[in-house]
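Read through the structure below, which is laid out as C-alpha cells, and then see the notes.
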Protein chains: 2
Amino acid sequence: MVVHSLFAELVMNRTSYTTREVILLKSSILFWEKGYAETSMKDIASSCGFRPANIYNYFCNKETILFEILKDEMEAILKPIRKLKGDASINPPDALRKIIENHVRLTLGVRRSSMLLFDVGLGYLSKKNKKKIIQLRDEYDEICREILTRGIQMGFFRKIDVKLVAFSVASIIARSRMWFSPNGKYSVDEYIDFIYDFITRGIISMRR
Amino acid sequence: MVVHSLFAELVMNRTSYTTREVILLKSSILFWEKGYAETSMKDIASSCGFRPANIYNYFCNKETILFEILKDEMEAILKPIRKLKGDASINPPDALRKIIENHVRLTLGVRRSSMLLFDVGLGYLSKKNKKKIIQLRDEYDEICREILTRGIQMGFFRKIDVKLVAFSVASIIARSRMWFSPNGKYSVDEYIDFIYDFITRGIISMRR
DNA sequence: TGAAAGTGAATGGTCGTTCATTCATTATTT
DNA sequence: AAATAATGAATGAACGACCATTCACTTTCA
C-alpha cells in the first residue's frame with residue numbers, strides 16, 4: 001500500500017485525526033495542487049470545514065504550515081534510506097535502486113497534480129526554517145553521493161561526478177510529478193525500472 | 001557570445017530599446033528571480049524607472065507580459081533546432097548533442113537565480129495563452145522524439161521509450177537553473193559535456 | 001498643435017492576521 | 001450530586017497592507 005509521504009506512518013490504521021493533522025493534510029493537497037501563494041487561509045479553512053480564524057488556534061501562521069509539510073515530506077523520503085549509508089553489506093547498484101524506488105514511490109504514490117512545491121516552496125520560508133529543510137536535503141544528497149562513490153570504488157560505476165549525478169537523478173524524479181499519470185501508459189513500478197535503467201545504462205547502443 | 005534567450009536576436013548590436021522591450025526585459029529578470037505572483041507591477045515599473053500606470057500604455061495586463069516572455073523564450077529554444085527535424089544528413093547523436101547544447105546555453109547563459117518560471121508560470125496564463133505555449137513545448141518534444149527514434153532505427157541508441165527520455169533530459173536541464181553557478185566548479189561547456197555523457201552512457205562501468 | 005509618454009489618485013478586491021466573544025465540554029470544588 | 005471554574009474549538013468583524021487596474025490629468029517632444 002502506498003500512501004502520501006507526508007503522513008506515511010500516520011495514515012495507516014487510523015480513522016480519526018486531530019484538527020491539526022487535518023489542517024496539515026488538507027493544506028498539503030492544496031499547496032501541491034495550486035501552489036503555496038495561490039492557496040489562501042480561506043481555502044484551507046473551508047476545505048477543513050471551518051473559518052480561517054480557527055487555523056490560528058493550531059498554527060501561528062501560514063508559513064509554519066508549509067514548513068511542517070515540507071519537513072515531514074523530506075523526513076519521509078529520508079527515513080527509509082538512512083540505513084543505506086555506510087552499509088558495506090549492500091551492493092551500491094542495489095542501494096541506488098532502493099533510493100530511486102523509495103523516492104519515486106513517495107513522489108508519485110498519491111497523485112497530486114503539477115506543482116513543484118518542494119522547489120518553489122523554499123522561497124516562502126524564513127531563513128531559519130529554510131536552513132532546516134536544506135539540511136535534510138543535504139543529508140539526502142550525502143547518502144546518494146556516498147552510494148555512488150562506493151560504487152565507483154568497487155568498480156560498479158564508472159568515474160563520474162557523483163554530485164552532478166545525484167542532482168540529475170533527483171531532478172528527473174521531482175519533475176515527474178508534473179506529467180506522470182497513474183492511468184497512463186506506465187505503472188509506478190515500470191517507471192522505476194525505466195529510471196534505473198536510464199541512469200545506469202544510458203541510451204546508447206552497444207551494438208556498434 | 002551568450003545572451004539571454006528571450007531577446008537573443010534583439011540584444012545583439014543594440015544600444016537602445018523601446019519602452020515595450022525594456023518592460024519585457026526587466027519583467028523577465030524579476031519573474032525569474034522572484035516568481036510571477038511575487039513580482040508586482042510596482043516592482044516592474046520601478047525597475048524600469050517609471051510608475052505602474054504607465055505599463056498599461058504598452059501591455060493590457062500583467063498576464064500578457066508573462067505570456068510574451070514565455071513565448072519568446074520558448075521560440076528562442078525552438079528556433080535553432082527546428083532544422084534538425086527530418087534532416088537525414090545529420091547523425092542522431094550529433095543532433096541530440098546540439099539540442100542539449102542549445103537548451104543548456106539558453107537556460108544557463110544569463111544567470112537568473114532559482115525560480116522555475118517555465119514550469120510554474122503556465123498556471124497563471126489564460127486557457128488560450130496556455131495552449132499556445134504548450135503547443136511550442138510539444139513541438140520541442142516532437143523534435144527530440146524524432147531524433148531519438150531515428151537514432152534507434154539507425155542503431156545508435158538502444159530501444160527505449162523516447163518520450164520518457166525526452167522528459168528526463170528536459171527535467172535535468174530545466175532544473176539545473178536552480179543550482180548551477182557560473183562561478184562554480186564547472187563551466188557551461190563542461191556541464192553540457194557531462195549531460196550528454198550521462199544521458200548517452202549512463203553511470204555503469206563496462207569493466208565488469 | 002497634437003500625439004505619445006508618464007502621472008497621481010482612486011477603485012474594488014484579496015490577503016494574512018488579530019481579537020473579543022460565544023459555546024459546549026471538561027475539571028475542580030463545594 | 002450540584003455548582004463553579006477553566007478550557008479548547010470556533011466564530012464574525014475588523015485591520016492594515018498590498019494588489020492589478022482605471023482614468024482623468026499633465027508633461028514631453030516632434
Side-chain angles (χ1 to χ4, degrees), chain A residues 14-70 115 117 120-130, chain B residues 14-70 115 117 120-130:
Chain A
R14 274 278 210 104
T15 53
S16 73
Y17 305 91
T18 66
T19 305
R20 208 190 123 91
E21 287 162 354
V22 170
I23 293 171
L24 283 176
L25 214 36
K26 297 289 186 185
S27 300
S28 172
I29 293 167
L30 288 169
F31 287 170
W32 279 104
E33 278 176 356
K34 315 205 312 171
Y36 173 77
E38 292 69 29
T39 301
S40 67
M41 296 298 260
K42 205 178 149 193
D43 293 333
I44 297 171
S46 73
S47 121
C48 291
F50 43 67
R51 314 285 141 193
N54 192 34
I55 298 175
Y56 293 87
N57 285 320
Y58 304 91
F59 296 92
C60 61
N61 55 34
K62 195 184 169 189
E63 189 224 310
T64 306
I65 301 178
L66 174 65
F67 172 68
E68 294 289 335
I69 290 172
L70 293 182
M115 278 310 184
L117 183 61
V120 180
L122 281 179
Y124 298 105
L125 295 183
S126 68
K127 253 189 186 143
K128 209 174 164 184
N129 284 340
K130 192 173 172 175
Chain B
R14 276 279 209 100
T15 52
S16 73
Y17 305 91
T18 66
T19 305
R20 208 190 122 91
E21 287 163 352
V22 170
I23 293 171
L24 283 176
L25 214 37
K26 297 289 187 186
S27 299
S28 172
I29 294 167
L30 288 169
F31 287 170
W32 279 104
E33 279 176 355
K34 315 205 311 171
Y36 172 77
E38 292 70 28
T39 301
S40 67
M41 296 299 261
K42 204 177 150 192
D43 292 333
I44 297 171
S46 74
S47 123
C48 290
F50 43 66
R51 312 286 141 187
N54 193 34
I55 298 176
Y56 292 88
N57 286 321
Y58 303 91
F59 295 92
C60 61
N61 54 35
K62 194 184 170 189
E63 189 223 311
T64 306
I65 301 178
L66 175 65
F67 173 67
E68 294 289 333
I69 290 172
L70 292 183
M115 278 310 184
L117 183 60
V120 181
L122 282 180
Y124 298 105
L125 295 182
S126 67
K127 254 190 187 142
K128 209 174 163 184
N129 284 340
K130 191 174 173 175

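Sequence lines set the chain letters: A, B, ... in the order given, protein chains first and strands last, and positions in each chain run from 1.
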What is the distance, rounded to the nearest whole Å, between atom [atom1] of [X] and atom [atom2] of [N]?
| X | N | atom1 | atom2 | answer |
| --- | --- | --- | --- | --- |
| A:Asn54 | C:dT17 | CG | P | 15 Å |
| B:Ile65 | D:dA20 | CD1 | C1' | 11 Å |
| A:Glu21 | D:dA9 | CD | C1' | 16 Å |
| A:Lys42 | D:dA13 | NZ | P | 14 Å |
| B:Ile55 | D:dC23 | CD1 | P | 17 Å |
| A:Met41 | D:dA13 | CE | P | 20 Å |
| B:Glu63 | D:dC19 | CD | P | 19 Å |
| B:Glu38 | D:dA20 | CD | P | 11 Å |

Residue from B:Val22, B:Leu30, B:Thr39 passing side-chain contact (heavy atoms from CB on, under 4.5 Å) with B:Ser47 =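 Of all the options given, the one that passes is B:Leu30.
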Return the nearest nucleotide to the side chain of [X]; candidates are [options].
| X | options | result |
| --- | --- | --- |
| A:Lys62 | D:dA10, C:dG8, C:dG16 | C:dG16 |
| A:Arg51 | D:dT11, C:dT17, D:dT22 | D:dT11 |
| A:Pro52 | C:dT7, D:dT21, C:dT17 | C:dT17 |
| B:Asn61 | D:dA20, C:dT17, D:dT21 | D:dT21 |

Across the strands shown, which category fits B:Phe50 at heavy-atom distances under 4.0 angstrom: base, sugar-phosphate, nothing?
->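 Sugar-phosphate: the residue B:Phe50, judged by heavy atoms under 4.0 Å, touches backbone atoms but no base.
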Using a heavy-atom cut-off of under 4.0 Å over every strand shown, decide if B:Phe59 touches base, sugar-phosphate, or nothing.
->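 Nothing, no heavy atom under 4.0 Å.
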On the 0 to 90° scale, with breaks at 30° and 60°, tag the A:Tyr124-A:Tyr36 ring pair as parallel, tilted or perpendicular.
->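 Because their plane-to-plane angle lies in the 30° to 60° range, the rings of A:Tyr124 and A:Tyr36 count as tilted.
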Just wondering, are more than 12 heavy atoms of other shown residues or ligands nearer than 6.0 Å to NZ in A:Lys26?
->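 Atom NZ in A:Lys26 is not packed in, count stays at 12 or less.
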Side-chain N,O (B:Tyr56) to OP1/OP2 (C:dA5) below 4.0 Å |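 Looking at the OP1 and OP2 atoms of C:dA5, neither is under 4.0 Å from any side-chain N or O of B:Tyr56.
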Side chains of B:Phe50 and B:Ile23 in contact at under 4.5 Å (non-hydrogen atoms) =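 In short, these two side chains touch, coming nearer than 4.5 Å.
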Spell out yes or no: do the side chain of A:Asn57 and the base of D:dG8 have one donor N/O and one acceptor N/O closer than 3.5 Å?
->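 Side chain to base: no pair below 3.5 Å.
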Could you go through the side-chain contact (heavy atoms from CB on, under 4.5 Å) check for B:Leu117 and B:Leu70 one step at a time?
-> CA-CA 9 Å; B:Leu117 183 60; B:Leu70 292 183; 4.2 Å; yes
Relative to the 5' end of DNA chain C, which residue comes earlier, A:Asp43 or A:Cys60, by the nucleotide with the nearest heavy atom?
->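 Checking each residue's closest nucleotide, the 5'-ward one belongs to A:Asp43.
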